[in-house]
Amino acid sequence: MDAYDPHAIERKWQQVWQEAAAFETPSHPETTDRRKAYVLEMLPYPSGELHMGHVLNYTLGDVVSHVRRRRGYAVLRPMGYDAFGLPAENAAIREGGHPRAVTERNIAAIREQIKRMGWSIDWTREVSTAEPEYYRWTQWLFLKLFDAGLAYRKAAPVKWCPNDQTVLANEQVIDGRCERCGWEVEVRNLEQWLFKITDYADRLLEDMSLLESWPERVLTMQRNWIGRSEGAEVLFRIEELDEDVPVFTTRPDTLFGATFFVLAPEHPLVERFAGRTPELLDYARHAAAKKIEERASDDKTGLFSGYHAINPVNGERIPIWVADYVLMEYGTGAIMAVPAHDERDFAFAKRFDLPIVQVVAPADGGGDPETAYVAHSDNEVLVNSGEFSGLPAPEGKRRIVEWLEDRGLGRATTSYRLRDWLLSRQRYWGCPIPVVHCERCGIVPVPEEELPVLLPEVEDYLPKGRSPLAAAEDWVRVSCPSCGGEGRRETDTMDTFVDSSWYFLRYTDPHNDAAPFDRALVDYWLPVNQYIGGIEHAILHLMYARFFTKALYDLGLVGFEEPFARLFNQGMIYRFGAKMSKSKGNVVSPDELVERFGADALRVYILFMGPADADKEWQETGVEGASRFLQRLWRVVGNELDRTPTGVATGTPLARKAHATIAKVSDDIERRFVFNTPIAAVMELVNEISRSADDDASRFAVETAVSLIQPYAPHIAEELWSALGHSRLWREPWPEADPSQLERELIELVVQVNGKVRDRVQVQAGLGKDELVALAKRLPKVQAYLNGQEPRAYVVPDKLVNLVV
RNA sequence: GCCGAAGUGGUGGAAUUGGUCAGACACGCCGGCCUCAAAAGCCGGUGGCCUUCGGGCCGUGUGGGUUCGAGUCCCACCUUCGGCACCA
């Protein structure tokens with residue numbers, strides 16, 4: 001056999017697969033009894049080229065896909081590009097090209113990289129979100145949500161990135177900074193488009209039970225983000241203004257401890273206090289303008305308003321303060337302050353010398369009013385609480401809420417941290433929002449038959465604080481679809497995350513030009529059986545996609561409520577202790593490695609490195625090691641071809657090893673979803689083959705090794721499979737281990753005395769406990785430790801006997 | 001502060017349900033073969049300490065516990081990473 005030349009064979013087999021349409025899947029699989037598997041990896045942003053994270057992500061999906069195919073499943077495995085949006089646009093600005101040109105060039109490069117890696121993708125389903133054929137349907141879906149009242153426009157304080165010159169969704173603000181560029185985010189009051197994701201808060205929580213397998217940490221992150229908390233809304237009366245002001249509290253049982261009342265600086269009532277306390281306006285303006293981090297500092301500031309509110313449960317007049325530690329965005333923007341039982345209220349009361357009244361105490365006494373005793377309400381009772389004193393806290397909570405409800409002073413309610421999804425962006429490179437503003441008719445959707453609203457060409461697409469589309473005056477001016485009068489197009493574009501909230505549906509029916517997808521097709525393929533991607537989308541993409549799916553379900557467009565049954569997050573790859581990034585200069589280029597060692601070696605190493613879900617350190621010599629293994633496999637096959645095959649597949653040590661390897665690899669990939677140890681198992685088998693040249697089952701063992709490595713290293717596997725006289729390994733049924741070959745006739749029995757191994761002995765498998773004990777006790781080495789005493793015995797059949805004296 | 005994950009040789013990691021002296025499989029390193037030499041390849045060794053070379057003792061972040069038996073279970077602590085954080 002010739003030497004192993006990865007480049008030649010990789011080119012050759014990629015060509016063969018393409019010509020054979022090997023990985024194309026009909027949308028309606030002909031044989032309906034075939035089980036389906038939709039294997040999906042998060043699609044790449046074409047803002048640069050593929051990096052090691054992609055290599056891991058897509059190789060992982062490839063292994064799953066190959067094994068499922070060879071198990072007889074109809075496998076859908078598409079690929080596309082998340083082509084609109086800030087990453088691609090910023091790349092274009094950096095390089096000085098047009099976003100479309102830069103995006104298309106990047107897509108071409110990425111497509112080339114994907115092909116060189118030999119991933120088994122159905123290329124007939126390739127999708128790019130920036131193509132009119134795709135975004136036409138993004139617009140169509142937007143209008144469906146608009147008609148259902150789920151997309152709306154309103155003026156609100158929004159997060160603004162001064163660098164990217166656009167508004168951001170709450171989910172895109174990390175520690176007060178822009179998720180993309182890291183600039184500090186400002187708050188501006190602007191009219192923007194939002195999706196009513198808050199309507200789905202409860203279902204986003206409850207339907208987690210419908211998910212087959214998602215990482216617990218992702219679910220936790222989504223739960224935290226939605227931030228559901230149950231409590232009560234309570235009305236506090238301000239007699240001087242004739243106003244009832246609602247507050248939200250999770251602890252209505254502490255109502256008797258409310259000794260003051262606090263409004264957020266942005267609260268609309270603050271203006272009305274100004275008559276009596278003019279300096280409030282100045283304070284409120286300053287506080288509201290503070291940066292997010294400053295406001296979250298420990299030094300609470302505040303100002304007494306000069307007004308009082310009535311605590312509804314005891315009629316007490318308590319002072320109203322305005323303070324920056326209360327946020328307008330959460331609850332009602334006003335709180336009842338219970339300094340005895342809330343650390344923040346406590347700190348504020350101490351600073352401004354406000355009264356502190358303890359109203360909850362541990363059932364066994366104690367509790368110190370001089371510290372903010374944070375009540376937990378499991379084993380506590382109410383004190384200083386009028387008729388409710390002495391009740392256990394949970395009951396007190398219920399009774400006080402009932403009391404308030406009876407008098408129209410409050411009600412049980414639920415509050416959420418989740419805000420509506422702000423989807424409009426003042427940027428060029430995105431999907432145009434398909435509505436027209438008309439002075440007479442208001443917001444008018446562009447009629448379905450006029451979609452897509454094409455993204456106009458503009459001279460200057462740089463961000464300027466208003467959408468660059470506004471400069472395309474001819475495009476903006478349009479007649480109103482409703483009254484025919486003068487109208488102006490919406491010039492904002494959509495957040496990229498809108499594009500990626502439904503792409504997994506489009507893949508099932510990518511060329512449909514009458515609808516975004518056929519209901520029967522999405523219902524057949526979805527939910528995605530295995531979704532694979534990075535943890536960075538734990539909240540953003542994954543929550544948006546869940547929301548979209550539920551909204552489309554409610555609209556009758558799809559028949560399922562969750563898009564992704566199983567989710568897997570691959571770990572990040574580090575080098576020199578840091579995440580690979582261009583700015584740190586620690587990037588390893590996949591292209592270079594493919595050039596040096598071939599795609600198969602890179603594929604094997606990226607999965608051999610360690611558990612796929614763990615963060616891992618890149619090893620410089622790793623790919624070389626994988627390449628050596630493939631060469632060893634190559635040589636082992638070459639040696640085998642010089643022999644005359646015996647046809648023996650059972651009974652010999654090598655046959656047993658091969659069957660054990662089949663069992664191990666299958667179990668690891670299919671049940672445990674573990675991808676590194678199967679490679680180690682095949683390495684062991686290959687080592688074993690080299691050591692046992694005379695074994696009659698060597699042909700079987702060699703073929704098994706080739707067959708098992710195919711999902712990882714499909715090119716060399718295919719080449720060797722051919723050399724062994726077969727063809728089309730990618731369609732060959734996945735090997736089955738013969739159970740009889742997994743059982744051993746002789747086992748090595750470990751004999752321990754007092755928990756320490758003292759001897760081991762070959763015995764027949766399947767012996768009873770008594771026989772094993774008797775056998776163990778006869779061993780001379782064991783007797784030396786027993787000193788003639790009668791031991792207690794612990795037996796693990798076919799494994800171990802522990803004798804204890 | 002709260003929530004979550006993780007700590008195993010020089011390195012990446014393995015040990016699936018508590019059960020074969022923990023360290024598979026690799027990387028690296030050491031020795032040997034081959035070679036004029038090198039590379040590649042092949043063979044052997046490689047947790048620590050002690051050793052009369054038979055073996056002995058110790059060892060999975062730290063300290064305790066449960067158990068005949070613990071990397072694996074429980075408690076406390078330390079460290080690292082991730083998420084959330086004036087959320088009322």
Side-chain angles (χ1 to χ4, degrees), chain A residues 3 174-175 215-225 227-229 231 247-251 254 258 262 264 292 295-300 323-327 329-338 341-345 347-348 374 415-418 535-536 538-539 572 574 604-605 608-611 613-626 628-629 631-632 635 664 667-668 671-672 674 676-684 686-687 690 747-761 791-805:
Chain A
I174 313 289
D175 291 333
E216 194 50 47
R217 63 175 169 162
V218 174
L219 298 177
T220 303
M221 283 163 73
Q222 291 204 2
R223 267 187 219 108
N224 288 344
W225 188 260
R228 180 188 154 103
S229 47
V247 301
F248 174 75
T249 176
T250 55
R251 297 304 308 272
T254 65
V262 191
I292 291 147
R295 222 172 129 161
S297 74
D298 289 335
D299 297 327
K300 298 191 183 351
D324 62 355
Y325 83 95
V326 174
L327 306 176
E329 304 95 80
Y330 186 75
T332 63
I335 63 156
M336 61 175 214
V338 184
H341 303 297
D342 181 283
E343 285 179 52
R344 298 153 295 172
D345 298 345
F348 195 81
V374 179
S415 194
Y416 300 89
R417 211 188 78 103
L418 181 68
I535 187 71
E536 67 272 17
I539 295 170
M572 282 194 292
Y574 290 84
V604 166
Y605 175 61
F608 182 66
M609 283 178 81
D613 56 351
D615 293 344
K616 294 166 288 281
E617 177 74 18
W618 180 261
Q619 284 202 342
E620 301 307 315
T621 50
V623 182
E624 200 180 334
R628 267 204 291 261
F629 159 62
Q631 290 180 50
R632 214 155 57 233
R635 220 169 27 241
K664 162 84 179 158
D667 186 55
D668 279 356
R671 182 180 63 83
R672 297 177 68 208
V674 165
N676 52 332
T677 47
I679 300 172
V682 177
M683 285 174 171
E684 276 189 59
V686 170
N687 291 345
S690 334
I747 56 107
E748 187 179 49
L749 182 73
V750 174
V751 183
Q752 299 180 327
V753 179
N754 292 335
K756 282 191 188 291
V757 177
R758 294 307 179 188
D759 202 0
R760 53 193 67 220
V761 59
R792 267 177 301 149
Y794 297 84
V795 181
V796 183
D798 284 350
K799 277 195 172 165
L800 169 145
V801 172
N802 187 10
L803 301 172
V804 180
V805 291

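In what follows, chains carry the letters A, B, and so on, assigned in the order in which the sequence lines appear, proteins first and then strands, with residues in each chain numbered from 1.
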Check every strand shown and say whether A/V750 touches a base, only sugar-phosphate, or nothing at a heavy-atom separation below 4.0 Å.
base
Distances under 3.5 Å between nitrogen or oxygen atoms of protein and nucleotides 69-73 of chain B:
none

Once you round to the nearest 0.5 Å, how far does CD1 of A/I535 lie from CE of A/M572?
9.0 Å
Using whole Å, what does the distance between atom P of nucleotide B/C87 and atom CG of A/L418 come to?
17 Å
Between B/A88 atom C1' and A/K300 atom NZ, what is the distance in whole Å?
11 Å
Please report the distance, rounded to the nearest Å, between CG in A/D613 and C1' in B/G13.
13 Å
Using a 90° cut-off around 0 for syn, call B/G54 syn or anti.
syn
Among residues at least two apart in sequence or on other chains, which ones pass salt bridge (charged side-chain N to carboxylate O under 4.0 Å, His left out) with A/R217?
none
Should A/N676 be listed as having a side-chain N or O under 4.0 Å from OP1 or OP2 of B/A24?
no
Protein-nucleotide distance (A/I539, atom CD1; B/C3, atom P), rounded to Å
18 Å
Below 4.0 angstrom, which residues in residues 791-798 of chain A have at least one non-hydrogen atom near RNA chain B?
A/Y794, A/V796
Is there, by distance only and without an angle test, a donor paired with an acceptor across the side chain of A/K616 and the base of B/U11 below 3.5 Å?
no
Counting the atoms with a prime plus P, OP1 and OP2 as sugar-phosphate, which does A/N687 contact under 4.0 Å by heavy atoms, base, sugar-phosphate, or nothing?
sugar-phosphate
Between protein and nucleic acid, restricted to nucleotides 40-44 of chain B and to nitrogen or oxygen atoms under 3.5 Å apart, what atom pairs and distances do you find?
unit_1: B/G41; atom_1: O3'; unit_2: A/R635; atom_2: NH2; d: 3.2
unit_1: B/C42; atom_1: OP1; unit_2: A/R635; atom_2: NH2; d: 2.4

Side chain of A/R417, heavy atoms from C-beta onward: which of B/C68, B/A88, B/C87 has the nearest atom to it?
B/C87
Need one value for A/G227: base, sugar-phosphate or nothing, where a base atom within 4.0 Å counts as base even if backbone is also close, heavy atoms only.
nothing
Paired and unpaired positions of RNA chain B as dot-bracket, Watson-Crick or G-U wobble under 3.5 Å, | denoting a partner strand:
(((((((..(((......[.....)))((((((.......))))))((((....))))..(((((..]....))))))))))))....
Would you kindly give the CD-to-P distance between A/E684 and B/A14, to the nearest whole Å?
14 Å
To the nearest angstrom, how far is A/R251 atom CZ from B/A88 atom P?
11 Å
So A/S415, base contact, sugar-phosphate only, or nothing? Heavy-atom distance under 4.0 Å.
nothing
In whole Å, what is the span from the CZ atom of A/R228 to the C1' atom of B/C84?
19 Å
From A/D345 atom CG to A/K300 atom NZ, the distance as rounded to the nearest 0.5 Å
8.5 Å
Using a heavy-atom cut-off of 4.0 Å across all strands, would you classify A/F629 as base, sugar-phosphate, or nothing?
nothing
Looking only at side-chain atoms of A/Y325, point me to the closest of B/A88, B/C86, B/U16.
B/C86
Nucleotide B/G12, atom P - distance to CD of A/Q619 in whole Å
7 Å
For A/R628, what residues pass the side chain to side chain donor-acceptor pair (under 3.5 Å) criterion, not counting sequence neighbours?
none
